[in-house]
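Let me begin by presenting the structure, written as structure tokens, before commenting on it.
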Amino acid sequence: MSVRIALAAAVITFAATPALAFQEAPAAVAPAETISEAEMEALGEAFEARMETLKEELSAAIEAAGTDANKLSSDVDGILARYQPEIEAFTGKLDLFFAGQIAAQQDETVRSQLETARTVTNNTLRGLPAQIKASTLAAAAQNAAD
């Protein structure tokens, strides 16, 4: 359970909108491939490290763009395009992990909680690039106003 909590907390720190949580998750089907908790923990740590690198790149882009909002928007798009495949790959692995956990769970209450966590986490990750861009542009605008 600890890996799910840690990953959900890391993902939710990027503040996805609540509307994303209402989209349906794929039906729980026993996956052909499974990911162990230890593997998911390692993937989660690597993903968090990449997101820290992403934050550093975005900070540098804000600095380099100065007051040029168009340049910043373009630079952020380029940075996010490089990270998009990693975000998608991590989302797929996390979904696979959740699917395995759900399939193995006998308790309907726990299954339901896992399915909800799966839906929220998948939608949060899928919305991550747009949320990051919006947050970055807002931070730059605030910095320019100060």
Side-chain angles (χ1 to χ4, degrees), residues 1-65 69-143:
M1 185 68 86
S2 64
V3 73
R4 289 185 296 274
I5 294 169
L7 292 172
V11 168
I12 291 172
T13 59
F14 285 102
T17 61
L20 294 175
F22 295 106
Q23 296 177 6
E24 290 295 317
V29 177
E33 176 187 348
T34 60
I35 296 177
S36 72
E37 190 166 331
E39 290 170 302
M40 195 66 242
E41 188 76 37
L43 289 168
E45 289 173 9
F47 183 74
E48 286 181 47
R50 290 297 292 154
M51 293 299 99
E52 284 301 316
T53 302
L54 171 61
K55 283 194 234 180
E56 292 168 9
E57 287 186 43
L58 293 171
S59 293
I62 291 171
E63 191 71 30
N70 290 330
K71 177 177 176 16
L72 178 59
S73 181
S74 177
D75 290 350
V76 168
D77 285 341
I79 292 167
L80 290 173
R82 287 195 322 270
Y83 283 84
Q84 184 70 39
E86 292 177 64
I87 293 169
E88 289 174 8
F90 181 73
T91 302
K93 292 292 187 181
L94 185 58
D95 188 64
L96 191 58
F97 173 75
F98 271 117
Q101 295 295 307
I102 292 165
Q105 186 54 245
Q106 299 300 314
D107 184 321
E108 271 309 308
T109 301
V110 175
R111 282 177 68 101
S112 178
Q113 292 170 344
L114 288 170
E115 287 170 357
T116 299
R118 177 187 190 188
T119 299
V120 170
T121 303
N122 282 342
N123 289 325
T124 299
L125 284 168
R126 286 187 185 106
L128 195 56
Q131 183 64 38
I132 290 171
K133 182 175 182 178
S135 297
T136 301
L137 296 178
Q142 181 62 42
N143 288 346

* Asked: Side chains of Leu80 and Leu54: does their closest heavy-atom pair fall under 4.5 Å?
  -> yes
* Whether over 12 other heavy atoms sit under 6.0 Å from Glu63 CD -> no
* Asked: Taking atom OG1 of Thr119 and atom CG of Leu114, what is their separation to the nearest 0.5 Å?
  -> 10.5 Å
* **Residue pair Phe97 / Ile35: nearest heavy atoms and the distance that separates them** => CD1-O, 3.2 Å
* Asked: At their closest point, which heavy atom of Ile87 faces which heavy atom of Leu125, and how far apart are they?
  -> CG2-O, 3.6 Å
* **From NZ (Lys133) to CG (Leu58), nearest 0.5 Å** => 11.5 Å
* Structure fact -> Scanning both residues in full, the closest heavy-atom pair of Gln84 with Pro129 reads OE1-CG, 3.0 Å
* Asked: How many angstroms lie between atom CD of Glu115 and atom CD1 of Ile102, to the nearest 0.5 angstrom?
  -> 5.0 Å
* Asked: Of all heavy-atom pairs between Ile79 and Ala61, which one has the smallest distance, and what is that distance?
  -> CD1-CB, 3.8 Å
* Asked: What distance do Gln131 atom CD and Thr136 atom OG1 have between them, rounded to the nearest 0.5 Å?
  -> 9.5 Å
* Asked: Can you tell me how far the CG atom of Leu128 sits from the CD atom of Glu88, to the nearest 0.5 Å?
  -> 11.5 Å
* Is the closest side-chain heavy-atom distance between Tyr83 and Glu57 below 4.5 Å? -> yes
* To do: Compute whether any side-chain donor of one residue and acceptor of the other, for Gln101 and Gln105, lie under 3.5 angstrom apart.
  => no
* Within the side chain of Ser112, is there an N or O that forms a donor-acceptor pair under 3.5 Å with the backbone of Glu108? -> no
* Structure fact -> With sequence neighbours left out, the residues meeting salt bridge (Lys or Arg N to Asp or Glu O under 4.0 Å) with Glu86 are Arg50
* To the nearest 0.5 angstrom, please state how far the CZ atom of Arg118 sits from the CD atom of Gln113. => 15.5 Å
* Structure fact -> Note: Thr121 and Leu94 closest approach over all heavy atoms is CG2-CD2, 3.1 Å
* Side chains of Asp77 and Ser73: closer than 4.5 Å at any heavy-atom pair? -> yes
* Residues Lys55, Glu52: salt bridge by 4.0 Å N-O rule -> yes
